[in-house]
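The structure under discussion appears below in the form of structure tokens.
Scope of the values below: all heavy atoms of this structure, side chains included, with no hydrogens, waters or symmetry mates. Here the structure is a predicted model, which is why all the values come from computation and not from measurement.
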Amino acid sequence: MPKIDVIDELKQRFLQPLPDFRVRRVVIWHDADGEFAERFEELSREGFDGAGAVDGVMPAQGDFARPVRFMEAHDGVMFEAKRMIARGDTASDILLYRPCARGTVEGDWLADVELYADHFQADYLSLLADQLGATNPDAVRDALGEHKVFFSAKDRVRKFSACMPAPATKEDIELGMLAATFGGASPNDASASFILRGTCTALLHDGPEKLARLLGRYDAQGCLASFIARRTGFTGSLTERDSLEHLAAYVLLTAASYQNPAAMHGLESHIAAGYEPYCMTAVREWMQQGKDAVADLFEICSIVEDSCGLRSRLKELSLESSLQVDIFPCVNEVLVAGLLESFAQGADRVADAREVLEARRGLAWYGRLDCYFDILSAITDMRAFQQEHAAGFHVAYAKDVWHAYTQSWWRMDAAYRHLCCAYERCKLEGVEALEASVHAVMKWAEGLYRNWYLVQSNACWTSAASAQWRDCGYVEGVDRQDEFYWKTLPAHAGAAKTCVVLISDALRYEVAQEVAQALERERGGSVASGSMQALFPSITEMGMAALLPHQGLTLDWDAATVAADGMPTVSTPQREAVLQKVEPTARAMRAEAYLELSAPERRALLKESKLVYLYHNKIDAAGEKMATESNVFKACEDTVEELVSITRRVCLDASSARVVITADHGFLYTAQELEEHQFLIKADLPDDPFLFGKRHVVLKHGEDTALPDDIREQFIVMNMDNLGLGRYVGLSPRETMHFKRPGGTHRYVHGGASLQELCVPVIGYRRLSASSKEFEDTQKATLRVLSESRRITSMLFGVSLLQNEAACGKTLPCSYELSMTDASGNAVSDVVTVAADRQSENPQERVTKARFSLKTECAFSSKEPYFLVARDAQTGAIVWREEYKIDIAFAPGVDFGF
């Protein structure tokens, strides 16, 4: 038992400031058993701190602003005591010692003094109650007496006070004890959720024996068992081998049954009727704790899932029923696996998949399977694209095919890329229960992308463009890469003093669309997107030369290089020389070299140069090497971030600069290699070609007339009269076929005439100042309540929300945290995160529903207002409040003792 210094406690009473309108302090010291009589006599002689007392009066000195008179009141001196207090000494503070218990004032000579004086009881329990800040000492004394073992150590008293700063009842004492036992550190930890979590995690990590020892040391065995029974209905043992499994099953299944009773059919023996909302609240609060707490909950849920065979039960439920349950992680696994398996079998589950993706976002277990949900999202987009083009690709004119690709077809390439990136993440974060489903759907997706989309879309493209390719080597009505410097660049550069051309090697059109979207979200950023057809063959040597100023390009027969007006273009210094022939201040350098310059050096460079070419190489560098070929889509993701950052850096270095982002060529990539019969070999060609790559062949002019018919059918014939004075003709394999070359990459290829290889992006960017008339600031997508009713009649309720704007362009996606609060701002429900990130222009596709659970410990009044509050998840700022009424006729019929 901690030693409590009675004299010091009394001293502190007299050192406290006086209440308003009082001129002195009177403290009555009740000592029912007279055990402190000698201490009082000693105090009346020596005073506080040994200051001394004359005739029972300690003079004012030091921290004591007034003298302190020490008096004893017992039978025989009561009249004198009252006279002294009322008339004899009205200037001194008085400590009145009464060797009796505090009782009724009826018949008491000192009744009036008892009513206005401060009271002090010297017994240990009273002092302890006072030390703990008990607002009702008499109500907590018995509880303190029952748990003397717990309060016998100062550190436990300190922990208790941190969790329960002002106990008022016996239940408060036990609640604070349990919170302290499980490591609580604040009043928020004095809750059912925290104690349930502490019990389960102690059983999980330490085992029942160690928990039993902990409870024994804290004298909390019966207290915890009683608490758990009151809050969850579980009456089993907490310190046996299977205690965790039994307790967790009881709580989790009871909570799940509150969401959907039918889903838990057959498990009624584990469900406590009447306790559903309380278990639900406890679990929901647990879900919203830190990473470690959620990890513990996941492991505990897995134990219950396995012991109850929950996965097999959930597989039998309808999609609608499964969506109502979010307590167990395996629900997500069952939903995702079922949908992926359906897609792998060719089923139309697009609507179901989108419903699942929307319903599960923001819930506790979504993040654990985020890569699998990303796979499902990409598969859904691919399947939806297939449905939209179920009749195939039938466009007659080449320029219309180009327009279709740049407007919508590219989204299939983007979905496939996102699918492959998500799959790579899943390999590292694998969930065994989903592996078979993922492998099956990846095989289906690979076939859909490679054998249907790439083949049919490019067959349409080839059919529409072949005649023009054969006649002039390009498609009319589409901007050309070899006209970039004289036609495209001036359109984007305008009258800017400085223009920076950022050329990213192999930046495919669909990847560039993400760059454009990211730049569009910049404050004051203005973006113009376009495209142009790359020069054939779509390789770096041709594309880099085509982007330079020139009157004509030539192929060097001996060196197999491309020259611009007779000047070499292989290296960066050589390209700079070509630029400076037209613009003397022009510079060319690697993007990395630019970023390595100091800020003054970068500013000086942009100030002195009207034109700067920066060369960026992330995608092609990864794709051209066997060791990194499989990382090409990851390189695309990195490229998006880097191009946005470089563009931002340029605009900070020179605020008036214009940035034009483009590429030398695109690429084809498939996660799986082609079948052996889809490869070509060099023997398929006549004689030795001048240039020979995986997707292109360049022959001497005139040899096209000697090509056999089967070669003409197998290859696209490309006129190259605009190069090399008409000395060459190009051939490109149809569809996705390419030459198999030893030691090279086989999944990442370019050089051919597919849309993915030839479609080169052009993004013009400028940053406007806030004073510009054209300045357009960014704004966050907003939400509003769509539900008309503002009355809640159930502990579980849903609210329909509408995202007001599509999250595209200058409207940024935003996450909001929604919760129900009382008029004082105290939360009375769990917190639900809603993402306002939908990009559809159709308002009906921007409607979502948030599900809330009211806290069971809150007392709701139908006469009081409550508010649905939306906070910006990033800033915490309140965005709006909607007033509600809560009218719940809910009587659990269970005495929780609170």
Side-chain angles (χ1 to χ4, degrees), residues 381-382 384-417 449 452-484 487-489 491-492 507-517 519-520 527-536 538 543 546-547 660-668 716 718-719 732 734-736 750 752-765 806 808-809 839-842:
D381 290 341
M382 293 176 69
F385 183 91
Q386 183 191 29
Q387 290 175 341
E388 293 170 7
H389 300 85
F393 301 86
H394 305 289
V395 182
Y397 297 103
K399 67 176 182 179
D400 293 336
V401 177
W402 187 273
H403 179 76
Y405 181 76
T406 57
Q407 290 300 306
S408 63
W409 291 7
W410 64 268
R411 298 184 186 279
M412 185 64 159
D413 293 313
Y416 179 73
R417 175 168 57 86
Y449 180 72
W452 175 75
Y453 168 69
L454 287 180
V455 170
Q456 293 197 22
S457 64
N458 280 298
C460 175
W461 166 238
T462 300
S463 176
S466 288
Q468 296 184 54
W469 284 336
R470 185 175 57 251
D471 293 341
C472 60
Y474 58 85
V475 170
E476 295 180 351
V478 177
D479 289 345
R480 292 160 47 188
Q481 188 182 46
D482 59 338
E483 296 179 340
F484 171 77
K487 180 180 178 181
T488 306
L489 182 58
H492 288 285
L507 178 66
R508 197 159 70 171
Y509 182 82
E510 53 93 6
V511 181
Q513 298 314 294
E514 293 188 15
V515 178
Q517 290 173 9
L519 290 174
E520 187 70 35
V527 177
S529 297
S531 63
M532 54 189 180
Q533 52 187 316
L535 212 59
F536 181 87
S538 52
L547 294 170
V660 178
I661 301 173
T662 188
D664 52 349
H665 58 79
F667 64 89
L668 281 173
I716 299 167
M718 191 73 65
N719 186 306
S732 177
R734 295 178 181 273
E735 301 175 355
T736 59
H750 60 88
S754 70
L755 287 163
Q756 290 74 15
E757 295 165 286
L758 286 185
C759 188
V760 171
V762 181
I763 301 172
Y765 179 79
C808 53
Q839 298 182 5
S840 174
E841 295 295 336
N842 183 354

Between the CE atom in Met412 and the CD atom in Gln756, the distance rounded to the nearest 0.5 Å is 10.5 Å
Output for pair (Phe484 CZ, His492 NE2), nearest 0.5 Å, gives 8.0 Å
CG (Asn458) and CD (Glu757) are apart, to the nearest 0.5 Å, by 8.0 Å
Check your understanding: Does the pair Asp479/Lys487 count as a salt bridge with the N-to-O cut at 4.0 Å?
Key -> yes
Separation between NE2 (His403) and CH2 (Trp409), nearest 0.5 Å, reads 11.0 Å
Residues Ser754, Leu454; criterion side chain to side chain contact (heavy atoms under 4.5 Å, CB included); working and verdict: CA-CA 9 Å; Ser754 70; Leu454 287 180; over 6 Å; no
For His389, I'd like to know if atom NE2 has over 12 heavy atoms of other residues, nucleotides or ligands within 6.0 Å.
yes
- Can you check side chain to side chain donor-acceptor pair (under 3.5 Å) on Trp469 and Ser732, steps first, answer last? CA-CA 11 Å; Trp469 284 336; Ser732 177; over 6 Å; no
> Are Glu514 and Arg417 within salt-bridge range, i.e. N to O under 4.0 Å?
Replying inline: yes
Practice prompt. Indicate yes or no for a side-chain donor-acceptor contact from Thr662 to the backbone of Val762 under 3.5 Å, with no hydrogens or angles considered.
Written response: no
Over 60° means perpendicular and under 30° means parallel, so classify the ring planes of Trp461 and Trp402, tilted if in between. tilted
Taking every heavy atom of Ala415 against every heavy atom of Asp381, the minimum-distance pair comes out as CB-CB, 4.1 Å
Heavy atoms of Gly752 and Ser538 approach each other most closely as O-OG, 2.9 Å
_When you measure from the side chain of Gln533 to the backbone of Val475, do you find a donor-acceptor pair of N or O atoms at a distance under 3.5 Å?_
yes
* Asked: Is there a donor-acceptor contact under 3.5 Å from the side chain of Tyr453 to the main chain of Gln386?
  -> no
Between Gln839 and Ala806, the two heavy atoms sitting closest are O-CB, 3.7 Å
>> Using a 3.5 Å distance criterion without hydrogens, assess whether the side chain of Tyr509 forms a donor-acceptor pair with backbone atoms of Gly666.
In response: no
Residues Val401 and Ala464: closest non-hydrogen pair is CG2-CB, 4.0 Å
Note: Ala663 and Leu547 closest approach over all heavy atoms is O-CD1, 3.7 Å
For Ile763 and Ala512, the nearest pair of non-hydrogen atoms, with its separation, is CD1-O, 3.3 Å
Using the ring of each side chain (for Trp, its six-membered ring), is Tyr416 parallel, tilted or perpendicular to Tyr449, with breaks at 30° and 60°? parallel
d(Met382 CE, Asp413 CG) to nearest 0.5 Å is 9.5 Å
dist Ile661:CD1 -> Tyr765:OH (nearest 0.5 Å) comes out at 9.5 Å
**Prompt:** Are any side-chain N or O atoms of Ser463 and backbone N or O atoms of Ala459, one a donor and one an acceptor, separated by less than 3.5 Å?
**Reply:** no
Q) Are any side-chain N or O atoms of Gln468 and backbone N or O atoms of Glu476, one a donor and one an acceptor, separated by less than 3.5 Å? A) yes
### Task
Carefully, step by step, assess Phe536 and Ile716 under the rule side chain to side chain contact (heavy atoms under 4.5 Å, CB included).
CA-CA 11 Å; Phe536 181 87; Ile716 299 167; over 6 Å; no
Looking at Asp664, is its backbone amide N or carbonyl O close enough to the side chain of Gln481 to form a donor-acceptor pair, meaning the two atoms are under 3.5 Å apart? yes
